[in-house]
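Chain A is the first sequence line, chain B the second, and so forth, proteins listed ahead of strands; every chain is numbered from 1.
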2 protein chains.
Amino acid sequence: MFTYCMRRRLCLLLTREKSAPAALTHQSRYESTTPVLDLQHYISQDQTGNRSAYGPLGTELKRNILRQWWASVVESKSEVFSVSTPHCSTGGGAAKLVDRGTLDELRDLPEGQLKERLSRLLYHSHDLRSSLLQGALLQYIPSLMLMNRKLPFGLAETGFCYRPETASPNTIGCGSSEVTEASLVWFCSPRTSSQWLDYWARQRLQWWRKFASGPSEFSVCDVLSEELRDGVSRGVKVLYQFPSGPETLETLWRLGDAELLKSHQGSQAELQCKDGRKQVVPHVLSISADMDRGVLAYLFNSLQIVQKVDSKQMLHQRKVLKLHPTLAPVKVALDMGRGSTSELRQVCEGLLQDLLEAGISAWPGYTDTTQSSLDSLHTKYDEMGVLFTVMISESTLENGLLLVRNRDTTIRETMHISEIRQFLLKYISAAENI
Amino acid sequence: MFTYCMRRRLCLLLTREKSAPAALTHQSRYESTTPVLDLQHYISQDQTGNRSAYGPLGTELKRNILRQWWASVVESKSEVFSVSTPHCSTGGGAAKLVDRGTLDELRDLPEGQLKERLSRLLYHSHDLRSSLLQGALLQYIPSLMLMNRKLPFGLAETGFCYRPETASPNTIGCGSSEVTEASLVWFCSPRTSSQWLDYWARQRLQWWRKFASGPSEFSVCDVLSEELRDGVSRGVKVLYQFPSGPETLETLWRLGDAELLKSHQGSQAELQCKDGRKQVVPHVLSISADMDRGVLAYLFNSLQIVQKVDSKQMLHQRKVLKLHPTLAPVKVALDMGRGSTSELRQVCEGLLQDLLEAGISAWPGYTDTTQSSLDSLHTKYDEMGVLFTVMISESTLENGLLLVRNRDTTIRETMHISEIRQFLLKYISAAENI
């Protein structure tokens with residue numbers, strides 16, 4: 001979930017003047033006089049004012065990112081299996097979940113009984129998970145049967161975690177500890193665990209960069225050995241260079257076998273796998289990404305200010321959210337030009353349904369009846385990151401032709417209405433396979 | 001999340017002998033002497049013994065169900081938008097989230113200070129949401145801009161909720177209160193809200209039945225007026241007839257405008273929408289499904305016992321998990337017959353990769369090197385709900401032909417290896433469009 005401070009930072013960045021706070025020194029892709037980018041459809045603040053939620057576009061962007069992660073980590077690999085583990089457990093989490101009623105009851109107790117009841121409550125109440133690692137470790141033995149005890153294999157899961165509020169320089173003052181984690185727990189031979197860490201670090205960096213508009217802002221670095229916590233023999237981080245400084249999107253830990261042994265207090269024999277002809281307890285890699293921060297990274301990364309001088313030598317700035325075609329939440333917006341409103345509307349509705357059925361997310365711009373110029377329409381869609389704008393006008397009724405404008409090239413093409421669906425499908429799938 | 005009792009019930013049902021508990025009286029689709037169905041890949045118990053998680057197949061089944069819900073409710077409708085709201089809020093939830101450290105501190109306090117600190121803690125700690133309705137209501141105003149204040153429109157979300165442990169006859173003894181909810185909050189004109197309730201009830205029932213092997217086990221019923229809680233003027237439930245009795249999969253409530261007004265304590269004017277030429281505060285329908293129970297319903301619904309008399313007049317029982325082609329977590333299993341192991345393996349690996357790239361989930365059965373008869377292989381795959389079994393053998397190396405067995409018809413066909421991918425894609429998409 002987007003925390004309040006994330007949104008505040010985003011707004012700060014997008015609104016900052018020349019007198020921007022000293023902390024915001026990285027201005028790689030944006031000018032410092034950038035006016036406010038309207039992000040209301042991506043991240044919206046609720047009534048309470050200090051908590052925010054994803055709006056429709058933000059939700060779809062996040063869904064698209066998670067879908068691509070799943071396709072890359074799970075669906076394309078036969079040795080990775082998915083699991084879905086409980087959010088609550090007994091022990092291990094950072095926060096206790098206590099029934100509201102029980103707490104209210106507690107408040108009404110006489111002081112003398114309070115302490116004993118509180119202890120009992122603590123003992124019995126559930127913990128909310130702070131990562132997906134423990135859940136996957138507990139699924140290790142059931143998965144062994146599936147894999148015939150053959151290494152390597154992985155267990156993948158995406159989901160909500162609750163992390164204690166940390167006070168790192170980049171998250172001061174955040175009111176929320178919600179995180180959508182995408183986790184792969186990889187079990188492999190102790191001999192090869194270091195190579196696998198390198199493999200996955202490379203793989204993960206490539207993945208983040210694949211959808212980037214500015215790939216160089218994504219990087220990896222080794223975690224210094226003095227920063228490693230107990231039981232971790234090596235660590236790698238995938239970073240994104242936010243204007244306020246680098247932040248961690250994903251961590252890769254080489255955990256050895258200690259965590260696995262700890263979570264299975266039974267015999268070691270049960271945990272053993274085949275490594276060639278030997279029987280070994282596998283080593284564990286924990287690869288886990290913060291997808292909310294990932295959404296933010298891609299938003300920052302794809303925002304571009306394009307400058308243009310018009311025929312009257314006036315300088316224009318165009319803000320474009322150049323989200324990758326597979327990530328863009330809206331692929332095409334449908335709008336009406338001048339002409340018989342009711343007839344044009346029918347054409348729009350037919351085309352919209354056609355596109356939706358083909359799985360192309362389309363924006364019903366034609367339902368907005370407030371008059372706006374073509375220019376302001378393009379400005380709006382560019383800021384929303386809409387890939388194409390299709391304009392249906394009087395001439396469409398006559399000869400079936402419509403105007404298709406490309407977000408990135410700003411070129412307008414004439415196309416027959418029967419071709420648009422295939423054109424969009426091809427464009428998106430071509431971008432996916434680069 | 002599957003609760004312990006759900007799994008226990010499932011096992012009970014599948015293992016029960018003639019002396020089954022009286023409660024389990026509905027035996028519509030299964031014989032009472034059914035031996036244990038191996039569900040380990042669908043639902044697996046973790047080390048702690050009394051909490052269970054989805055295994056790989058269960059996770060994929062649930063993902064497929066959620067994906068179909070999303071496609072039906074969000075992607076195919078231009079007036080439904082997706083949101084993603086915080087899991088935690090201040091007030092309104094059934095459970096409080098308390099930092100572990102804070103609770104530990106509390107325990108060490110002298111009795112005299114305990115009460116005051118507890119009150120403060122209660123006041124400041126977050127609540128975990130018990131449904132998705134409140135989040136959507138708070139997103140109403142930001143969404144209005146998107147919709148140009150035009151009714152009707154809907155806000156959709158799927159996600160984890162935490163519900164207080166209820167003691168209904170069908171959930172006694174459950175240790176968990178985790179639910180994956182799929183929610184649509186529908187805003188419409190007060191004039192039409194009753195028709196919209198009928199529309200959505202019909203729509204939702206159709207959806208559940210679309211993927212059912214026995215559609216008649218899904219039904220709708222009106223909630224009796226004496227069972228309606230305050231502020232709800234009508235309610236409809238979608239039920240599934242479990243062997244232990246009917247249970248609610250989805251509820252549809254007509255809420256009027258009270259909840260919306262309550263969650264926005266500002267002026268009524270802000271909430272108003274266009275209803276033709278009038279300005280109205282919309283009425284709200286809350287449509288919300290318990291997807292974990294949905295997974296269980298489809299598992300029960302698709303389990304069939306097929307009886308067959310062989311050539312020696314012996315009666316055989318075949319258990320088949322006849323999951324709908326779009327829901328089945330594994331579409332095809334690849335196995336090797338006799339022949340040069342290393343060469344056959346190469347063919348299998350190539351074909352597996354080919355299928356995975358086409359988005360067809362394939363099972364690498366060939367990696368299991370324990371010898372098993374073709375019959376026991378089919379039994380295993382039928383119980384897993386695998387749609388097709390592909391057998392690659394010596395003759396595949398010679399002429400490219402392989403054997404493809406259909407789960408539902410048990411018919412074996414010979415097919416060229418180059419055709420299998422297209423054949424599977426066609427089969428699945430045909431089933432989707434029925």
Checklist entry - What residues of residues 70-77 of chain A sit under 4.5 Å from chain B when only non-hydrogen atoms are counted? => result A:Trp70, A:Val74, A:Glu75, A:Ser76, A:Lys77
Checklist entry - Applying a criterion of heavy atom separation less than 4.5 Å, what residues of residues 351-363 of chain A form contacts with chain B? => result A:Leu352, A:Gln353, A:Leu356, A:Trp363
Next on the checklist: To the closest 0.5 Å, what do you measure between CZ (A:Phe160) and CG (B:Leu128)?
Outcome noted: 5.5 Å
Checklist outcome for this item: Rounding to 0.5 Å, atoms OG (A:Ser78) and CG (B:Leu334) come to a distance of 9.5 Å
Checklist entry - Of the options B:Ile43, B:Thr180, B:Thr59, which is the one that meets A:Ser84 in a side chain to side chain contact (heavy atoms under 4.5 Å, CB included)? => result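 Single side chain to side chain contact (heavy atoms under 4.5 Å, CB included) partner of A:Ser84 among B:Ile43, B:Thr180, B:Thr59: B:Thr59.
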Checklist entry - In terms of heavy-atom proximity below 4.5 Å to chain B, should A:Arg149 be classed as side chain, backbone, both, or neither? => result neither
Next on the checklist: Is it the case that the side chain of B:Glu178 and the backbone of A:Cys88 share a donor-acceptor pair, with hydrogens and angles ignored and the cut-off at 3.5 Å?
Outcome noted: yes
Checklist entry - Looking only at heavy atoms, what is the nearest atom pair of B:Tyr162 and A:His126, with distance? => result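 Shortest heavy-atom separation between B:Tyr162 and A:His126 comes out as OH-ND1, 4.1 Å.
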Checklist entry - By side chain to side chain donor-acceptor pair (under 3.5 Å), which residues pair with A:Gln68, not counting sequence neighbours? => result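 Expected list: none.
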Next on the checklist: Please enumerate all residues that pass side chain to side chain donor-acceptor pair (under 3.5 Å) together with A:Ser82, with sequence neighbours excluded.
Outcome noted: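 Expected list: B:Glu60.
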